Amino acid sequence: MKLVFATNNRHKLEEVRAILGNKIEILSLNDIDCHDDIPETADTLEGNALIKARYIHEKFGVDCFADDTGLEVEVLNGEPGVYSARYAGEDCNPEANMYKLLQNLTGENNRNAQFRTVIALIINGEEKLFNGIVKGTISREKMGNAGFGYDPIFIPEGFSESFAQMTSEMKNSISHRYRATEELSNYLKKQYD
């Protein structure tokens with residue numbers, strides 16, 4: 001089985017391929033020669049994932065899935081949430097996003113947060129949504145160099161190290177993306193094994 005993952009993010013692609021294994025061939029947007037900048041204009045993770053999946057399905061006629069992920073901080077009413085990738089502005093980078101978040105939490109003791117991934121799958125013309133959540137806390141400073149995005153400041157529940165201090169195998173076994181991808185994988189196995 002082949003599925004297009006509507007991303008060119010190398011990190012996401014590696015994570016999802018590692019989680020799904022080799023039963024399903026995962027193609028990137030690059031693999032189908034799609035270099036479009038797909039707008040993410042929804043105000044929910046579900047909405048953005050569906051926008052991307054529908055765009056690829058309609059334009060290329062392929063079975064595909066797309067995801068959107070947000071870091072939701074309790075004391076900030078769920079911010080940065082759907083704006084996680086551009087929290088510090090349109091042309092920002094992960095460093096700027098982390099800096100802004102840490103600044104916004106200065107002096108705050110409630111550092112509870114969760115990472116949430118939503119995957120939208122379109123297969124045989126049907127749409128399905130899958131959710132993955134990992135709860136944790138925001139550290140007071142960056143820890144570790146692995147991973148990407150907010151990984152250096154997110155400590156998953158039950159651990160003392162950040163995602164960025166973990167091996168990719170360890171992170172992939174507990175992450176929000178793992179949990180959503182696992183739901184996707186279980187659905188695909190039931191339907192197509």
Side-chain angles (χ1 to χ4, degrees), residues 1-34 36 38 40 42 44-72 81-82 84-85 113-136 146-151 154-159 161-193:
M1 172 188 278
K2 282 185 187 181
L3 272 178
V4 173
F5 181 14
T7 189
N8 275 323
N9 181 318
R10 186 176 51 83
H11 298 290
K12 281 186 183 183
L13 206 53
E14 285 168 8
E15 274 186 17
V16 166
R17 283 177 173 157
I19 294 163
L20 286 177
N22 51 16
K23 284 190 174 178
I24 300 167
E25 186 183 348
I26 302 298
L27 304 174
S28 69
L29 291 179
N30 232 9
D31 294 329
I32 62 167
D33 209 25
C34 175
D36 304 1
I38 305 167
E40 295 179 40
T44 63
L45 299 175
E46 292 82 357
N48 279 340
L50 280 166
I51 286 172
K52 291 186 278 188
R54 287 172 180 158
Y55 182 92
I56 296 306
H57 182 71
E58 286 163 19
K59 184 166 181 178
F60 294 90
V62 293
D63 289 336
C64 62
F65 64 96
D67 78 324
D68 200 21
T69 294
L71 176 62
E72 300 169 336
V82 74
S84 293
Q114 67 180 20
F115 259 126
R116 191 162 69 93
T117 291
V118 176
I119 292 176
L121 169 71
I122 302 179
I123 193 162
N124 299 328
E126 274 189 63
E127 293 181 355
K128 297 274 178 210
L129 290 173
F130 306 95
N131 266 287
I133 293 173
V134 63
K135 294 186 179 297
F148 61 101
Y150 294 91
D151 286 357
F154 184 81
I155 303 167
E157 213 168 62
F159 293 85
E161 64 266 17
S162 74
F163 269 164
Q165 292 174 298
M166 297 178 173
T167 64
S168 59
E169 293 76 26
M170 174 51 109
K171 179 191 168 190
N172 287 349
S173 71
I174 62 168
S175 80
H176 45 293
R177 190 164 292 109
Y178 168 77
R179 291 174 180 175
T181 305
E182 191 69 4
E183 274 195 20
L184 167 69
S185 175
N186 290 337
Y187 172 79
L188 292 171
K189 280 180 195 152
K190 272 192 217 134
Q191 301 295 313
Y192 304 101
D193 263 9

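FYI, side chains are in, hydrogens and waters are out, and symmetry mates aren't considered; it's all heavy atoms of this structure. For clarity, every value in this text was computed on a predicted model and none was experimentally measured.
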Donor-acceptor pair, side chain of [X] and main chain of [Y], under 3.5 angstrom:
{"X": "Asn48", "Y": "Leu45", "value": "no"}
{"X": "Lys52", "Y": "Glu40", "value": "no"}
{"X": "Asp36", "Y": "Ile38", "value": "no"}
{"X": "Thr117", "Y": "Gly132", "value": "no"}
{"X": "Asp63", "Y": "Asn124", "value": "yes"}

(request) In sequence, state the C-alpha distance, the side-chain angles, and the governing distance for Gln114 and His176, and then conclude on side chain to side chain contact (heavy atoms under 4.5 Å, CB included). (result) CA-CA 9 Å; Gln114 67 180 20; His176 45 293; over 6 Å; no

Are any non-hydrogen side-chain atoms of [X] and [Y] less than 4.5 angstrom apart?
{"X": "Asp31", "Y": "Glu25", "result": "no"}
{"X": "Leu29", "Y": "Phe60", "result": "no"}
{"X": "Leu121", "Y": "Leu3", "result": "yes"}
{"X": "Lys2", "Y": "Ile32", "result": "no"}
{"X": "Phe5", "Y": "Ile24", "result": "no"}
{"X": "Arg179", "Y": "Ile133", "result": "no"}
{"X": "Val16", "Y": "Thr7", "result": "no"}
{"X": "Phe159", "Y": "Met166", "result": "yes"}

If every non-hydrogen atom of [X] is compared with every non-hydrogen atom of [Y], which pair is closest and at what distance?
{"X": "Ala6", "Y": "Ala66", "answer": "CB-CB, 3.8 Å"}
{"X": "Ala120", "Y": "Ala53", "answer": "O-CB, 3.8 Å"}
{"X": "Val134", "Y": "Pro156", "answer": "CG2-CB, 4.2 Å"}

I need the [X] [atom1] to [Y] [atom2] distance, nearest 0.5 Å.
{"X": "Glu127", "Y": "His57", "atom1": "CD", "atom2": "NE2", "value": "8.0 Å"}
{"X": "Asn172", "Y": "Tyr178", "atom1": "CG", "atom2": "OH", "value": "9.5 Å"}
{"X": "Ser175", "Y": "Met170", "atom1": "OG", "atom2": "CE", "value": "12.0 Å"}
{"X": "Lys171", "Y": "Glu15", "atom1": "NZ", "atom2": "CD", "value": "4.0 Å"}
{"X": "Leu129", "Y": "Leu50", "atom1": "CG", "atom2": "CG", "value": "5.0 Å"}
{"X": "Arg177", "Y": "Ile119", "atom1": "CZ", "atom2": "CD1", "value": "8.0 Å"}

(message) Among Val82, Thr44, Val118, Ile51, exactly one meets side-chain contact (heavy atoms from CB on, under 4.5 Å) together with Asp68. Which residue is that?
(response) Val82

(request) Anything under 30° is parallel, anything over 60° is perpendicular, the rest tilted; go ahead and classify Phe154 against Phe163. (result) tilted

(request) Classify the ring geometry between Tyr187 and Phe130 as parallel (under 30°), tilted (30 to 60°) or perpendicular (over 60°). (result)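 Tilted: the ring planes of Tyr187 and Phe130 meet at 30° to 60°.
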
(message) Between Arg116 and Glu46 (salt bridge meaning N to carboxylate O under 4.0 Å), is one present in this structure?
(response)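 Yes, this pair counts.
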
(message) Going by side-chain hydrogen bond (donor to acceptor under 3.5 Å, both in side chains), name the residues that satisfy it together with Glu14, two or more places apart in sequence or in a different chain.
(response) Arg10

